[in-house]
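Okay, so here's the structure we're looking at.
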There are 2 protein chains.
Amino acid sequence: MSATTIADVARIAKVSKATVSRVLAGQSQYIRAETRQRVLAAIEELGYHPSHAARSLKSKRSCTLGIVGYGLEFYGPSCTLSGAEEEASELGYTLLLHLIRQPETNNVAELLDEMQSRYVDGLIWAVPEIGNNHAWLEDPAFQPSVPVVFLSAEPRPNRFVVAVDNYAAGLTATRHLIAEGCQNIGVITGPLDWWEARQRKLGWKDALESVGLPRKEGFMAEGNWSATSGERGLMQLLTKHPEIDGVFVCNDRMAVGALKIAREMGRRVPEDLAIIGFDDVQDAAYFYPALSTMHQDMIEVGRRAVRELSKVIEAQQNNTPYPPTALLLQAEIVVRESSRRR
Amino acid sequence: MSATTIADVARIAKVSKATVSRVLAGQSQYIRAETRQRVLAAIEELGYHPSHAARSLKSKRSCTLGIVGYGLEFYGPSCTLSGAEEEASELGYTLLLHLIRQPETNNVAELLDEMQSRYVDGLIWAVPEIGNNHAWLEDPAFQPSVPVVFLSAEPRPNRFVVAVDNYAAGLTATRHLIAEGCQNIGVITGPLDWWEARQRKLGWKDALESVGLPRKEGFMAEGNWSATSGERGLMQLLTKHPEIDGVFVCNDRMAVGALKIAREMGRRVPEDLAIIGFDDVQDAAYFYPALSTMHQDMIEVGRRAVRELSKVIEAQQNNTPYPPTALLLQAEIVVRESSRRR
DNA sequence: ACGTAAAATGTAATCGGTTGCAGAAAACAG
DNA sequence: CTGTTTTCTGCAACCGATTACATTTTACGT
């Protein structure tokens, strides 16, 4: 047990608690070199480590960031968390993790309280924006006392956001299919109450419109991100519109389902049907055929979120203004076999 | 800011701080019902929430568990973490997350200090056992003052372990290939400095020996869990031993690489070559052909670890003995297309 | 050598709870 | 109505750090 306290150190080093504290704080140069040495030696000798609780009790800072997440069993969120932890670690923060299992609801009161009572210095809200599950933002009763950075959420005034530019990525993916010579391009979207899903779909729509390609009723199927829903989606599209020769599938899991159905329905990919996914999951290159997809760097999203948050915290302490902004990262297209037709 | 303190509540409720504290503690029944009501009303009115720091400073308990993990970008570890968080949340704990990026090294001193100075009530060590990266356990200088539960580590006396029974799973997988009529069964292992990898391989070896099937030099290739290494592994096996008609690939990512190489080398799966993987990643059913695999419930591993840890903590507080044990969960075989030959 | 400013260190209050001990109130017995 | 338990509540010390303010020590100029 860390039974040694600052008082023990003080006694051994023959100085006062205050002096020890100053040595620990570091920046205060009002310490004689010789004294500092004595204190450090005592610390070393005792194997002393400061009590985090005492420190944050007095100073109101905990060097802890709360992160509220969802869907850790999926690739993207895991990477985000990993990136966030890495950056936090480098900046001297530790993460307090809370996972939500029902992202649609917005029952956040106790959650915020919990985080607050633990004196987190800031909060990362990594729950996708679904329906109006961010409505609590409007309720003044829920205004958290610490800065919050939102991930993958719709940019709005007075809100820090770090997200991938899903709209641009949707444009890129669809334009790629166009460039490959597809004439009838469908889309299998994520659940449309997700902001991200709507953005990707919008990219698809605008890409088609901008070149005057058809966008018939029935060129769209709504999935739920699962492989099964990708199967169902492609089946719907192809039965209603056999002329479809390209599909933008809005995540890789649905895409792998689509690939399977394409095989089973006798469509050659990419010759008869070009497919591009979204996410670039680890094994996308090993799907059959290798999946073209939009690569999004979720690790970077996590890192940026923490970096942004730490800046807000710092600014807040110095009473410097730091206006909320939205940071949009660009996804990159990765062309593999499933969409390459020339 | 949570500016309201227990003193504010006391003032409003016209009682002393001590009384408020007792109401908060709950179990103390030495409070008149009427008084309790007043206090609760005051708490409600003020929107009071206790300060975590103050509480753990005095009581030395933080209701926080530290979890040290590795490889969150992979499926298994993510699920473990998710399960751990879920159980922790149910038991009233919050997780403090720390990720390691170089699991081979065992530079754990500052890490343990950090966790300790934050008064975590217990620790979950979810870093795979690689080489002697658990050697710090032997060093008395590193004995953490809080209980530790190890995940996916070799069971040893005086050590709490929760893990999947990789050996039994290796047996099962290999016996399945035997039952499907394979005569020459190879293995693509994980890196053999990993304990888990060795266990799986051992299962393969013993399964073959127990039925007297050949196990030639060159029936084994060592991978590094990556899809690329699965490709390389299968290529090695098949060039040295074209007669191989079944392979136990020790994780699904390597298996997906193997599937690809099998295709490219013109081996039909499963007719010419039966393949079984390990992990049951989300899309295993959508590989081509659908991948047979050993399903391990990593979520449950996470849950169990936390449950075990909480029991140890409780026992420690009551001064009840609670002997270290190893909890081995069994993996379940999932037979899909890649290994079904009859 | 002495006065004064600057540097170094100490004293003590404070953060927001918990808890041992003691005193007050209520319950109960005779 | 008093004496004794039992139940309830308050006082005050304490957990381990930080920090404003006071005090001592050192440096420096003349």
Side-chain angles (χ1 to χ4, degrees), chain A residues 1-40 42-43 46-64 113-114 116-119 121 145 317, chain B residues 1-40 42-43 46-64 113-114 116-119 121 145 317:
Chain A
M1 130 150 61
S2 168
T4 67
T5 78
I6 204 173
D8 302 322
V9 175
R11 188 158 28 74
I12 300 288
K14 302 203 198 307
V15 295
S16 72
K17 282 168 38 179
T19 302
V20 178
S21 179
R22 288 187 188 108
V23 170
L24 251 38
Q27 16 72 317
S28 160
Q29 65 279 70
Y30 287 87
I31 297 283
R32 217 190 322 168
E34 192 259 349
T35 309
R36 165 173 282 120
Q37 287 311 319
R38 272 218 317 282
V39 171
L40 290 177
I43 288 175
L46 294 172
Y48 163 82
H49 285 281
S51 152
H52 205 83
R55 195 170 263 183
S56 42
L57 173 58
K58 185 67 168 97
S59 65
K60 304 293 189 213
R61 282 205 58 196
S62 62
C63 292
T64 301
D113 289 339
E114 160 79 8
Q116 229 151 284
S117 77
R118 290 189 186 244
Y119 291 117
D121 295 337
S145 58
Q317 276 170 348
Chain B
M1 130 152 60
S2 167
T4 67
T5 78
I6 205 174
D8 301 323
V9 176
R11 189 158 29 72
I12 300 288
K14 300 201 200 311
V15 294
S16 72
K17 280 168 42 178
T19 303
V20 177
S21 179
R22 289 188 187 108
V23 169
L24 251 38
Q27 16 72 317
S28 161
Q29 66 279 68
Y30 287 87
I31 297 282
R32 217 190 319 169
E34 192 259 349
T35 310
R36 164 172 284 120
Q37 286 312 317
R38 272 219 316 282
V39 171
L40 290 177
I43 288 175
L46 293 172
Y48 164 82
H49 285 280
S51 152
H52 207 81
R55 195 169 266 182
S56 42
L57 173 57
K58 184 68 169 121
S59 64
K60 306 292 190 210
R61 281 206 57 195
S62 63
C63 292
T64 301
D113 289 340
E114 160 79 9
Q116 229 151 284
S117 77
R118 289 190 187 243
Y119 291 117
D121 295 337
S145 59
Q317 277 170 349

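Basis for what follows: all heavy atoms, side chains included, without hydrogens, waters or symmetry-related copies. A, B, ... follow the sequence lines: proteins, then strands. Residue 1 opens every chain.
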**Item:** Main-chain N/O of R55(B) paired with S59(B) side-chain donor or acceptor, under 3.5 Å
**Value:** yes
**Message:** Has H52(A) got a side-chain atom pairing as donor or acceptor with S62(A)'s backbone, closer than 3.5 angstrom?
**Reply:** yes
Distance below 4.0 Å between [X] side-chain N/O and [N] OP1 or OP2:
X: S51(A); N: dG16(D); result: no
X: R55(B); N: dG16(C); result: no
X: S16(B); N: dT9(D); result: no
X: Y48(A); N: dA17(D); result: yes

Selected nucleotide, minimal atom distance to [X] side chain, candidates [options]:
X: A18(A); options: dG16(C), dT11(C), dT19(C); value: dT11(C)
X: K58(B); options: dC14(D), dC11(D), dG10(C); value: dC14(D)
X: R22(B); options: dA17(D), dG17(C), dG10(D); value: dG10(D)
X: A54(A); options: dT9(D), dG16(D), dT9(C); value: dG16(D)

Rounded to whole angstroms, how far apart are [atom1] on [X] and [atom2] on [N]?
X: I6(B); N: dT18(C); atom1: CD1; atom2: C1'; result: 8 Å
X: H49(B); N: dG17(C); atom1: NE2; atom2: P; result: 11 Å
X: K14(A); N: dG10(C); atom1: NZ; atom2: C1'; result: 16 Å
X: Q116(A); N: dG17(C); atom1: CD; atom2: C1'; result: 18 Å
X: R36(A); N: dA7(C); atom1: CZ; atom2: C1'; result: 13 Å
X: K60(B); N: dG16(C); atom1: NZ; atom2: P; result: 18 Å
X: E34(B); N: dC8(D); atom1: CD; atom2: P; result: 12 Å
X: R38(B); N: dC8(D); atom1: CZ; atom2: P; result: 14 Å

**Asked** Pick the nucleotide of DNA chain D nearest each of Y119(B) and K17(B); which residue has the one closer to the 5' end?
**Response** K17(B)
**Item:** Spatial distance of atom OH (Y48(B)) from atom CD1 (I12(B)) [nearest 0.5 Å]
**Value:** 13.5 Å
**Request:** Could you tell me whether V20(B) contacts a base, only the sugar-phosphate backbone, or nothing, with contacts defined as non-hydrogen atoms closer than 4.0 Å?
**Result:** nothing
**Message:** Nearest heavy atom decides the nucleotide; on that basis, is T19(B) or L57(B) closer to the 5' end of DNA chain C?
**Reply:** L57(B)
**Message:** Can a side-chain donor-acceptor contact be found between R118(A) and T64(B) if the only test is distance below 3.5 angstrom?
**Reply:** yes
**Prompt:** Side chains of Y119(A) and K60(A): closer than 4.5 Å at any heavy-atom pair?
**Reply:** yes
